[in-house]
Structures are given as structure tokens and as C-alpha cells.
Protein chains: 2
Amino acid sequence: MEKKHYTRDDMAGLLRAHDINPTHQRIEIAYALFSRQAHLSADQIMAIVNDRHSETSKATVYNTLNLFRQHKLVREVIVDPSKVFYDPNTGPHHHFYNMQSGELIDINENDVQILGTPTLPDGMVAEGAEVIIRIRPQNP
Amino acid sequence: MEKKHYTRDDMAGLLRAHDINPTHQRIEIAYALFSRQAHLSADQIMAIVNDRHSETSKATVYNTLNLFRQHKLVREVIVDPSKVFYDPNTGPHHHFYNMQSGELIDINENDVQILGTPTLPDGMVAEGAEVIIRIRPQNP
DNA sequence: CCAATGTTTGGACTTTGTCTAATTTAATAC
DNA sequence: GTATTAAATTAGACAAAGTCCAAACATTGG
């Protein structure tokens, strides 16, 4: 995964490419996620975006992240019972979850694969398959 | 998975086997989960247990489920951002998650396997690896 | 019976996320 | 440009899941 240096203009283009009207708030939120290439919670994103001046409200952060997800610009990662993480990498890959620190770490696509395609219940389609490996420090 | 007909006495034994003092509330909560062999949320468990007479408080339900988890009597399944499911089956198996209904369905251990053992970050141990396949009705 | 330890409880509290109605901003037509 | 309409943002009230705490209750051993 090459480290691209994103600008806010890049974000505008990216949003347009996903049929999203690039408003100021949306650009800032996208920039927070993509410039870091990190797994962030809504909380963290809001803190980052409003760090210097107040740029967005809580409602907009949630609205926007849901919009991004619908347009497949980001992916939700659900590993922590108390908060959702947003992942700017929508390509196929899996995650380690550090249960102690709450940190999410990518697993390279080639390092882990799902073997076997189980028959889905009737009339159902698979929306995505993911592997989560929960890890923790050896000597607690 | 054979369908055993559990009694409350069985639960007491099961709890003792896991070094848990079998109190009335704990037996009822274990019975709710094991007699149904289902994936239930804390909410649902509380509703079941208190169906006829009030048997336990909310605090006890949460305390008890956490206790069960610590003693590896049940497993947490985290797929829904808004609630945790408790699974009485602690053996190796994976899940379908019906995004529309919120229903969890077991995938037989043999139908899906994780291929490859990625190197863990330094000083870390894997606590568990699970596959989640999100599914939804074909024609929405 | 008493003390000590373990368990349960109500209720206040926290956190994440949603909802709504009002306001602001942007876009379009004229 | 100005009016009209549509889209986006906002504050703040609200909801739901889960935690916390100090008080009450139960159980056990001596």
C-alpha cells in the first residue's frame, strides 16, 4: 500500500468519483481518514476535524460517515462493542484487534484467506467476509 | 450438534465445572442461553429470565455475562454496532450475520476455515480468530 | 449468633449514536 | 442579480447499551 500524500483537492475529486457532493465538511472528514490511512472512530474523527477551529457538528460527522459507507468510500469495522471504526481501505484485507489497546492493525490480504465458500441461506447474498484475529500482550 | 435437553441442575453442574458459584440468578441466565443454544443479547436474556416473575436485575445480567465470558463458558460475538451477542457454543465455528434481521447463524466448522497464520505483532498472542460473513436478502 | 466474604440490586450515570425541526448554504431558473 | 427550490448542516433533545456505586441481602465457617 503506497503512501500517497493526499491534498484536500484530491479529496474533492475522490468524493465526486463516488457521487458525493464535496462540501467543506465532507472534505475535512475524508481528509482526516485518508491522509492518515488509519482506523478511526467517529469520536476521533470529530476531534481531529475540530482541532483548530470548529468545523463540523456531531450530527454531520455521523451523517457523513454513513454517507461515505453507503457510497463505499469507507468500510465499517465492528470489533469493539462500544464503537465503530471507519477504514478508508475498502480493498480486501483483514484485521488484528489489540484487545488491550483497542488498536486495529491491517493484515495483508495474502497472509490470511478464507477457505471454503459455505452455502448461503436461501435468497441471501454475501455482502462481505472478514477475518478478525483478537490479540493481546503475552504476559498480562 | 446434538440437541441436549438441559435441566437447571445441569446448569449448576456446568457452572461448578467452570469454577462459578451456581446461584439462582446465574443458573437462570445460563439456562436461558444453553437450553436454547441461541445467540442472545443481554437485553433478550433479561427479558427471557424475567418473563414470569422478576428474577434478576439489569446489573446482574451484565455482571453474570461478563463472569461467564471470563470463565470461558460463553463467547461474545461482536457483529452489530449496537449490541453484543452471547454464544453458548465456545467451540471453533464461524458466523453468518443477517444484516437485515440482525440474526446470527452458525457456520459449520468445516465449511469455512482460516488459511494462513500471519505473524503476530511482537509479544502478542492470538486470543481467537473468527470469520464473519455479512449476508442480506438478494432483492432488497 | 457473629463476622467475613460473596452476590444482588436500584438507580444514577456515561457513551455512542439517532432524530428533528430550524437554519444555513448552494444551485437553478428567470 | 434576485427569487425559488433543494441540499446540507446544526444544536440540542433523545434513545439504548452498558457501567458504576453504595446499600442490602445471602451464605458460610467458626
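Chain letters run A, B, ... following the sequence lines, proteins first, then strands; residues in each count from 1. Below, all heavy atoms of this structure are taken into account, side chains as well, without hydrogens, waters or symmetry copies.
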> Which whole-number value in Å describes the distance from B:N50 CG to C:dT8 P?
13 Å

> Starting at CZ of B:R26 and ending at P of C:dT9, how long is that distance when rounded to a whole Å?
11 Å

> Just to be sure I understand the rule, does A:D80 reach a base, reach only the sugar-phosphate, or reach nothing, if contact means heavy atoms closer than 4.0 Å?
nothing

> Taking only residues two or more places apart in sequence or in another chain, which ones pass side-chain contact (heavy atoms from CB on, under 4.5 Å) with B:P81?
A:I78, A:V84

> What I want to find out is whether B:K72 reaches B:E127 closely enough, with some N-O distance under 4.0 Å, to be called a salt bridge.
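B:E127 and B:K72: salt-bridged.
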
> Looking only at heavy atoms, what is the nearest atom pair of B:I27 and B:P22, with distance?
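What the structure gives for the nearest pair is CD1-O, 3.9 Å.
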
> What about B:L14 and B:Y31, same hydrophobic cluster or not, with Ile/Leu/Val/Met/Phe/Trp/Tyr joined at side-chain heavy-atom distances under 4.5 Å?
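Same cluster: B:L14 reaches B:Y31 through Ile, Leu, Val, Met, Phe, Trp or Tyr contacts under 4.5 Å.
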
> Which residues satisfy the side-chain contact (heavy atoms from CB on, under 4.5 Å) test with B:S82, sequence neighbours excluded?
B:D80

> Over how many whole Å does the gap from B:I20 atom CD1 to C:dT8 atom P extend?
11 Å

> Taking only N and O in the side chain of B:T23, is any of them less than 4.0 Å away from OP1 or OP2 of C:dT8?
yes

> Look at the side-chain heavy atoms of Ile, Leu, Val, Met, Phe, Trp and Tyr, link any pair under 4.5 Å apart, and say whether B:I132 and A:V131 land in one connected group.
no

> In this structure, how many angstroms lie between the P atom of D:dA17 and the OH atom of B:Y86, rounded?
12 Å

> Among the nucleotides D:dT9, C:dG17, C:dT9, which one has an atom lying closest to any side-chain atom of B:Q25?
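That would be C:dT9.
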
> Would you jot down, in residue-number order, the residues of residues 54-64 of chain B having a non-hydrogen atom under 4.0 Å from DNA chain D?
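Under 4.0 Å from DNA chain D: B:K58, B:A59, B:Y62.
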
> Would you indicate which nucleotide in D:dT19, D:dG18, C:dT16 comes nearest to any side-chain atom of B:N66?
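Nucleotide nearest to B:N66's side chain: D:dT19.
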
> For every nucleotide of nucleotides 23-30 of chain D, 5' to 3': is a protein heavy atom under 4.0 Å from its base (B), only from its sugar-phosphate (S), or from neither (-)?
--------

> Nucleotides 24-28 of chain C: which of its N/O atoms have a protein N/O under 3.5 Å away?
none

> Taking only residues two or more places apart in sequence, or in another chain, which ones meet B:I48 in a side-chain contact (heavy atoms from CB on, under 4.5 Å)?
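Residues passing side-chain contact (heavy atoms from CB on, under 4.5 Å) with B:I48: B:A32, B:R36, B:L40.
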
> What is the distance, to the nearest angstrom, from the CG atom on A:L67 to the P atom on D:dA7?
13 Å

> Distance check needed: C:dT16 P versus A:I78 CD1, whole Å only.
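Interatomic distance, CD1 of A:I78 to P of C:dT16: 15 Å.
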
> Just the rounded figure in Å: distance from P of C:dT15 to CD of A:Q44.
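Nearest whole value for this atom pair: 15 Å.
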
> Give me the residues of residues 6-13 of chain A where at least one heavy atom lies under 4.0 Å from an atom of DNA chain D, by number, or none.
none

> With a cutoff of under 4.5 Å between side-chain heavy atoms, which Ile, Leu, Val, Met, Phe, Trp and Tyr residues group with B:L115?
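Direct or chained contacts put B:L115 with A:L115.
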
> State which residues pass ring-ring contact (aromatic ring centres under 6.0 Å, His included) with B:H95; sequence neighbours excluded, sorted by chain then number.
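Only B:H39, B:H93 meet the ring-ring contact (aromatic ring centres under 6.0 Å, His included) criterion with B:H95.
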
> Would you say A:V79 and B:L120 are hydrophobically clustered, going by side-chain heavy atoms of ILVMFWY under 4.5 Å?
no

> Within the structure provided, determine whether A:R26 and A:L67 are in side-chain contact (heavy-atom separation under 4.5 Å).
yes

> Would you please name every residue forming a side chain to side chain donor-acceptor pair (under 3.5 Å) with A:N110, sequence neighbours left out?
A:N108

> Could you work out, with side chain to side chain donor-acceptor pair (under 3.5 Å) as the rule, every residue matching B:E55, not counting sequence neighbours?
B:H24

> Whole angstrom is fine here: how far is it from CZ in B:F68 over to P in C:dT7?
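Rounded to the whole Å, the gap is 12 Å.
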
> Apply side-chain contact (heavy atoms from CB on, under 4.5 Å) to A:D10 and list each qualifying residue two or more places apart in sequence or on a separate chain.
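Only A:K4, A:Y6, A:T7 meet the side-chain contact (heavy atoms from CB on, under 4.5 Å) criterion with A:D10.
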
